[in-house]
K.L.:
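Got a structure here, written out as structure tokens. Questions coming.
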Protein chains: 2
Amino acid sequence: MNTLSYGLLSLLNRNSRTGYELMQHIQPFWQAKHSQIYPLLAQLEQKGHVQFVHVPQSDKPDKKVYSLTELGREALRQWILKPTDEPVTRDELMLKVYCIGLVDRDQARKVIEDREVFYRQRLLKFEKSYEQLQQNCEKRLDELGLQDPQFSHYVLLHKALARVKGDLAWCDWVKAKL
Amino acid sequence: MNTLSYGLLSLLNRNSRTGYELMQHIQPFWQAKHSQIYPLLAQLEQKGHVQFVHVPQSDKPDKKVYSLTELGREALRQWILKPTDEPVTRDELMLKVYCIGLVDRDQARKVIEDREVFYRQRLLKFEKSYEQLQQNCEKRLDELGLQDPQFSHYVLLHKALARVKGDLAWCDWVKAKL
DNA sequence: CTTTATTATGTCATTATTGACATATAGATG
DNA sequence: CATCTATATGTCAATAATGACATAATAAAG
């Protein structure tokens, strides 16, 4: 079973979700299209790691709400203890920087600024969900710790936020040099 | 032509290199195995974007040193001006965090610490090459700017270093909470 | 009134990427 | 003396991931 499949189980450990929701929530740490996720969910269902219930909706298309089974939870426990794969990053912008001297200053600056716009949108999105979460989680940390159902979400958002702030700082720094 | 192919051309714009060297130098921003890079270089050679010369070696296996052609350089100029793909990250550790509550504190801490070891090795590697580069580049920035052959390398290492420092800080922060 | 965006699911051909195999030399470790 | 690591190239089957297509309801924008 591949990493993304475990990732889907991992999200389902916190909440039951639809395939569509899983795709949205896994995004910051593992980008995948729905065309990859739906077949994997079908596989996981066949193996008995997840279950689903049809939820008819009148205003929107019907959905399938998936939840983790005990078998799936046991698979997760074993997965956590296995060695963790190294993180993969693939960033076209960085590859462009290697030859940025081929274009003039204004064009080079625009390449960086376009990415800055992207990072700023991400920052806004993360900041919104982070702030309430932070206050709640820090308060309850002493009592609940790892068992707090929001703890992992808080820890992950912290990472995503720090990452994107660092990326934006780099954009500023390099623009000043161009 | 795919992004990695342009990335290889981009590296070759700075220096002529072997496929093996390209694989090593592109690593921080685009992880790829030699089994992907060698076929792409063969394609690029057929299209006339790169050339190579055989360099016999007695102590090590013979190598092929690739260099960028004028056609390849022109392809790069057009590539830079096209919209840049969003960066892709795939991090198994983050997916594990979603269900870290399934194991006990010590096991959870070990998962983070293993990644910390990996980050620390990266930090050492980047720091070594960065420091001399920084002094040289900052001095020459006023005179040469983008045209400094080491400028892009400096800017990229700055990014890689900042990234890994942030990642290490997160490891510390989250370990204190576990 | 048409187009676009969001929610929601799915399939399938194509492309990208990996892992295993293969070969070869030198130096280090055990 | 055997094994491991690094350098250096290459092929190919298997897997992972994308992009295009398909369907369908609602709401908003032009």
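Quick caveat, the model's predicted, so the values are computed rather than measured. Per chain, numbering begins at 1; letters A, B, ... match sequence-line order.
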K.L.:
Rounded to the nearest Å, what distance is computed from the NZ atom of residue B:K64 to the C1' atom of nucleotide C:dA24?
P.N.:
15 Å

K.L.:
What integer distance in Å separates A:E86:CD from C:dT17:C1'?
P.N.:
16 Å

K.L.:
Give a yes/no on whether any side-chain N or O of B:R90 is located under 4.0 angstrom from OP1 or OP2 of D:dA16.
P.N.:
no

K.L.:
Just distance, no hydrogens or angles: give the donor-acceptor pairs under 3.5 Å from side chains in residues 42-64 of chain B, sequence neighbours left out.
P.N.:
residue : atom : partner : partner atom : Å
B:Q57   : NE2  : B:P61   : O            : 2.8
B:D62   : OD1  : B:Q57   : N            : 3.0

K.L.:
Looking at B:Q57, I'd like to know whether one of its side-chain N or O atoms comes within less than 4.0 Å of OP1 or OP2 on C:dT25.
P.N.:
no

K.L.:
May I ask you to say what A:E21 touches in the nucleic acid, namely base, sugar-phosphate or nothing, with a heavy-atom cut-off under 4.0 Å?
P.N.:
nothing

K.L.:
Give the rounded distance in Å between these two atoms: NZ of A:K63 and C1' of C:dT6.
P.N.:
13 Å

K.L.:
Under the 3.5 angstrom rule, does the side chain of A:R109 hit a backbone N or O of A:L178 as a donor-acceptor pair?
P.N.:
yes

K.L.:
Say whether, by atom type as modelled, one donor and one acceptor occur between the side chain of A:H158 and the main chain of A:Y154 under 3.5 angstrom.
P.N.:
no

K.L.:
Using a cut-off of strictly less than 4.0 Å, decide whether B:Y38 has a side-chain nitrogen or oxygen near OP1 or OP2 of D:dG10.
P.N.:
no

K.L.:
Short question: side chain of B:N15, backbone of B:R17 - any donor-acceptor pair under 3.5 Å?
P.N.:
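Checking the backbone N and O of B:R17 against the side chain of B:N15, no donor-acceptor pair under 3.5 Å is found.
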
K.L.:
Counting side-chain heavy atoms from CB outward, which of D:dT18, C:dA8, D:dT9 is closest to A:T18?
P.N.:
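Selected nucleotide (nearest to the side chain): C:dA8.
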
K.L.:
Whole Å only: how far is the CG atom of A:L4 from the P atom of C:dT17?
P.N.:
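Going from CG in A:L4 over to P in C:dT17 covers 16 Å.
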
K.L.:
Please give, in whole Å, the distance from D:dA8 P to B:Y66 OH?
P.N.:
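Between P of D:dA8 and OH of B:Y66: 14 Å.
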
K.L.:
Only counting residues at least two apart or in another chain, list the ones meeting side chain to side chain donor-acceptor pair (under 3.5 Å) with A:K110.
P.N.:
A:D114

K.L.:
Categorize B:A42 for me: base, sugar-phosphate, or nothing, with a 4.0 angstrom heavy-atom threshold over every strand shown.
P.N.:
nothing

K.L.:
For D:dT7 and B:Q24 - does any side-chain N or O of the residue sit under 4.0 Å from the phosphate oxygens OP1/OP2?
P.N.:
yes

K.L.:
Taking atom P of C:dT18 as reference, at what distance in whole Å does atom CD1 of B:I37 sit?
P.N.:
10 Å

K.L.:
Tell me if the centroids of the rings in A:Y98 and B:W30 come within less than 6.0 Å of each other.
P.N.:
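No, too far apart.
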
K.L.:
Check nucleotides 24-28 of chain D against the protein and report each pair of N or O atoms closer than 3.5 Å, with its distance, or say if there are none.
P.N.:
residue : atom : partner : partner atom : Å
D:dT26  : O4'  : A:D59   : O            : 3.2

K.L.:
Would you tabulate the side-chain donor-acceptor contacts of residues 79-92 of chain A under 3.5 Å, counting partners in other chains and residues two or more places apart, or write 'none'?
P.N.:
residue : atom : partner : partner atom : Å
A:W79   : NE1  : B:E92   : OE2          : 2.7
A:T84   : OG1  : B:K96   : NZ           : 3.0
A:R90   : NE   : B:Q31   : O            : 3.3
A:R90   : NH2  : B:Q31   : O            : 2.9
A:D91   : OD1  : A:L93   : N            : 3.0
A:D91   : OD1  : A:R115  : NH1          : 3.0
A:D91   : OD1  : A:R115  : NH2          : 3.4
A:D91   : OD2  : A:R115  : NH1          : 3.4
A:E92   : OE1  : B:D85   : N            : 2.6
A:E92   : OE2  : B:W79   : NE1          : 2.7

K.L.:
The criterion is side chain to side chain donor-acceptor pair (under 3.5 Å); which residues satisfy it with B:E74, sequence neighbours excluded?
P.N.:
B:R77

K.L.:
In whole Å, I'd like the distance from the CG atom of A:D85 to the P atom of D:dA16.
P.N.:
11 Å

K.L.:
Whether B:E127 and B:R122 form a salt bridge (side-chain N of Lys/Arg under 4.0 Å from carboxylate O of Asp/Glu) is what I want to check.
P.N.:
no

K.L.:
Check the distance between C:dT18's P and B:Q27's CD and give it to me in whole angstrom.
P.N.:
11 Å

K.L.:
Set out, line by line, the N/O atom pairs under 3.5 Å between protein and nucleotides 19-22 of chain C.
P.N.:
residue : atom : partner : partner atom : Å
C:dG19  : O6   : B:S35   : OG           : 2.8

K.L.:
Quick check against the 3.5 Å criterion: does B:S10 have a side-chain atom that pairs as donor or acceptor with the backbone of A:L95?
P.N.:
yes

